[in-house]
Amino acid sequence: MGSSLFFLALFALSAVANADTSSGLMMNFYKESCPQAEDIIREQVKLLYKRHKNTAFSWIRNIFHDCAVQSCDASLLLDSTRKTLSEKETDRSFGMRNFRYLEEIKDAVERECPGVVSCADILVLSARDGIVAAGGPTIALKTGRRDGRKSRAEVVEKFLPDHNESISSVLDKFGAMGIDIPGVVALLGAHSVGRTHCVKLVHRLYPEVDPALNPDHVPHMLKKCYDPIPDPKAVQYVRNDRGTPMKLDNNYYRNILDNKGLLMVDHELAQDTRTRPYVKKMAKSQDYFFEHFARAITLLSENNPLTGENGEIRRHCNLANKNHYEE
């Protein structure tokens with residue numbers, strides 16, 4: 001084989017290795033068009049984390065709420081219009097916040113490369129870097145997503161599990177994206193960080209305390225959730241993990257094995273015979289948790305993306321481009 005043909009063959013093999021032929025995504029998609037993009041996003045996530053620690057938790061939650069609902073296309077970020085409801089305003093999105101800071105990241109990228117980097121990729125990469133900021137694993141994620149033009153609010157409940165759904169339903173919904181049982185167990189480990197509003201907890205406390213709860217944990221929950229009918233707008237919440245509340249780690253699994261899970265899905269995860277063995281493994285080994293968490297996040301981030309000529313590159317993440325022209 002001639003030298004030119006040899007290098008051409010190597011190039012072809014490299015392209016195959018770096019591209020996902022089924023989804024159109026690839027590593028370093030912006031290497032030529034915006035080489036600083038990923039560094040800018042990483043730096044912005046770090047700066048925001050220093051100012052507002054909870055932004056990292058928001059970025060992690062974003063990837064679940066966007067990518068699990070039909071497509072990883074930043075439809076979550078779209079505001080409501082006269083004709084459509086925003087996914088941000090559905091019940092599943094209760095308590096989500098910090099969307100304005102994602103716009104700051106978008107603005108920083110736009111200053112370097114106008115009209116090149118999608119909000120969908122910014123959402124995914126900010127989640128990747130938020131995971132690291134919270135103490136989680138470094139995950140290599142592909143890029144090349146484009147932005148959707150419409151909200152998917154009408155199907156959010158069909159695709160995104162609720163905290164009170166059965167484990168069977170949760171496994172089925174994530175399984176449809178190719179995420180296996182240990183992957184689902186690992187993804188729920190994201191409940192290691194952040195907080196849960198009392199609105200989502202009071203059914204376990206009133207009118208009677210759920211006997212499945214660890215009695216040593218109940219007084220703290222009652223102190224934080226003192227109102228049987230809490231105001232959704234009030235700052236009434238319980239930290240998901242009192243031991244390491246700001247760190248993504250495997251302490252979550254030890255907590256739920258000790259019946260300290262706040263949500264019913266946490267409790268069932270530790271009890272169901274299909275998931276309990278993996279809960280116990282992740283409680284013992286953070287490396288095992290991180291390994292499956294990274295793999296599941298990768299699969300989630302590659303769920304049915306828009307690529308190529310599909311979708312668009314939004315000018316602002318909260319509005320489809322056509323809405324700018326209508327203003």
Side-chain angles (χ1 to χ4, degrees), residues 54 57-58 60-62 64-65 68-69 76 85-97 153-175 181 184-245 251-276 278-279 282-283:
N54 61 28
F57 314 147
S58 296
I60 297 170
R61 191 176 178 190
N62 283 350
F64 283 85
H65 283 250
V69 183
L76 169 70
L85 178 71
S86 170
E87 292 172 41
K88 293 181 285 189
E89 296 183 34
T90 64
D91 181 67
R92 289 288 196 276
S93 298
F94 177 81
M96 295 188 75
R97 52 188 175 155
E154 73 279 2
V155 296
V156 163
E157 293 189 5
K158 178 180 178 182
F159 292 95
L160 193 65
D162 182 62
H163 63 95
N164 279 326
E165 284 188 37
S166 69
I167 283 296
S168 292
S169 176
V170 173
L171 292 175
D172 286 346
K173 287 182 177 180
F174 282 110
I181 293 176
V184 174
V185 174
L187 285 179
L188 287 174
H191 288 176
S192 167
V193 294
R195 60 192 188 179
T196 298
H197 198 284
C198 292
V199 165
K200 302 295 185 180
L201 301 178
V202 289
H203 66 285
R204 301 195 72 191
L205 298 173
Y206 303 97
E208 295 180 352
V209 173
D210 183 346
L213 283 168
N214 186 317
D216 294 336
H217 201 48
V218 171
H220 175 73
M221 294 175 68
L222 287 170
K223 180 180 178 181
K224 294 292 185 179
C225 300
Y226 49 82
D227 189 344
I229 308 176
D231 180 356
K233 297 181 180 179
V235 184
Q236 297 179 28
Y237 61 86
V238 180
R239 290 285 182 192
N240 291 343
D241 176 1
R242 292 177 66 192
T244 54
N251 202 44
Y252 163 78
Y253 301 102
R254 291 190 283 269
N255 283 338
I256 64 176
L257 287 170
D258 198 25
N259 294 319
K260 293 179 180 177
L262 300 182
L263 301 171
M264 280 305 302
V265 71
D266 300 325
H267 174 72
E268 289 190 23
L269 193 72
Q271 301 302 318
D272 191 278
T273 56
R274 292 165 294 179
T275 53
R276 183 176 174 85
Y278 299 107
V279 171
M282 291 180 195

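The figures here come from the full heavy-atom set of this structure, side chains too, leaving out hydrogens, waters and symmetry mates.
Across N214, D241, D266, a single residue satisfies side-chain hydrogen bond (donor to acceptor under 3.5 Å, both in side chains) together with N255, and that is D241.
How far CG of L222 is from OH of Y206: 5.0 Å, rounded to the nearest 0.5 Å. Rounding to the nearest 0.5 angstrom, the gap separating the NE2 atom in H65 from the CZ atom in F159 is 15.5 Å. Atom CD1 of I256 sits about 7.5 Å away from atom OG1 of T275, to the nearest 0.5 Å. With rounding to the nearest 0.5 angstrom, the NZ atom of K224 is 13.0 Å from the OG1 atom of T196. Between H267 atom NE2 and M264 atom CE the span is 5.5 Å, to the nearest 0.5 Å.
A donor-acceptor contact shorter than 3.5 Å links the side chain of N240 to the backbone of V193. Under a 3.5 Å cut-off, the side chain of H163 and the backbone N or O of L201 do not form any donor-acceptor pair. Although no hydrogens or angles enter the test, the distance criterion places a donor-acceptor pair under 3.5 Å between the side chain of R92 and the main chain of L160. A distance-only check finds a donor-acceptor pair linking the side chain of R254 to the backbone of A283 [under 3.5 Å]. Panel note: side chain Y278, backbone V184; no donor-acceptor pair is recorded below 3.5 Å. Between the side chain of E165 and the backbone N or O of D162, at least one donor-acceptor pair lies under 3.5 Å. Looking only at distances, a side-chain donor or acceptor of S93 sits under 3.5 Å from a matching main-chain atom of E87. In this structure, R239 contributes its side chain and R195 its backbone to no donor-acceptor pair below 3.5 Å.
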The test is side chain to side chain contact (heavy atoms under 4.5 Å, CB included); show your working for I229 and V202 and say whether it passes. CA-CA 8 Å; I229 308 176; V202 289; over 6 Å; no
Carefully, step by step, assess L262 and H217 under the rule side chain to side chain contact (heavy atoms under 4.5 Å, CB included). CA-CA 10 Å; L262 300 182; H217 201 48; 3.8 Å; yes
Could you walk me through whether D227 and C198 pass the side chain to side chain contact (heavy atoms under 4.5 Å, CB included) check? CA-CA 8 Å; D227 189 344; C198 292; over 6 Å; no
Before giving the answer on side chain to side chain contact (heavy atoms under 4.5 Å, CB included), spell out for L269 and Y252 the whole-Å C-alpha distance, their side-chain angles and the decisive distance to 0.1 Å. CA-CA 11 Å; L269 193 72; Y252 163 78; 3.6 Å; yes
Go through N164 and H203 one step at a time and tell me if the side-chain hydrogen bond (donor to acceptor under 3.5 Å, both in side chains) criterion holds. CA-CA 10 Å; N164 279 326; H203 66 285; 3.2 Å; yes
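The shortest side-chain heavy-atom distance between V209 and M221 does not fall under the 4.5 Å cut-off. For the pair M96 and N62, the minimum side-chain heavy-atom distance is below 4.5 Å. Residues V170 and E268 have side chains not in contact (no heavy-atom distance under 4.5 Å, counting atoms from C-beta outward). Here the side chains of D258 and D216 are not in contact, with every heavy-atom distance at 4.5 Å or above.
Under a cut-off of 6.0 angstrom, the local environment of CZ in F94 is crowded, with over 12 non-hydrogen atoms contributed by other residues, nucleotides or ligands.
Shown here for L257 and R276, the closest heavy-atom pair between the two residues is CD2-NH1, 3.5 Å. Minimum interatomic distance between L213 and G261 (heavy atoms only, all atoms of both residues): CD2-O, 3.7 Å.
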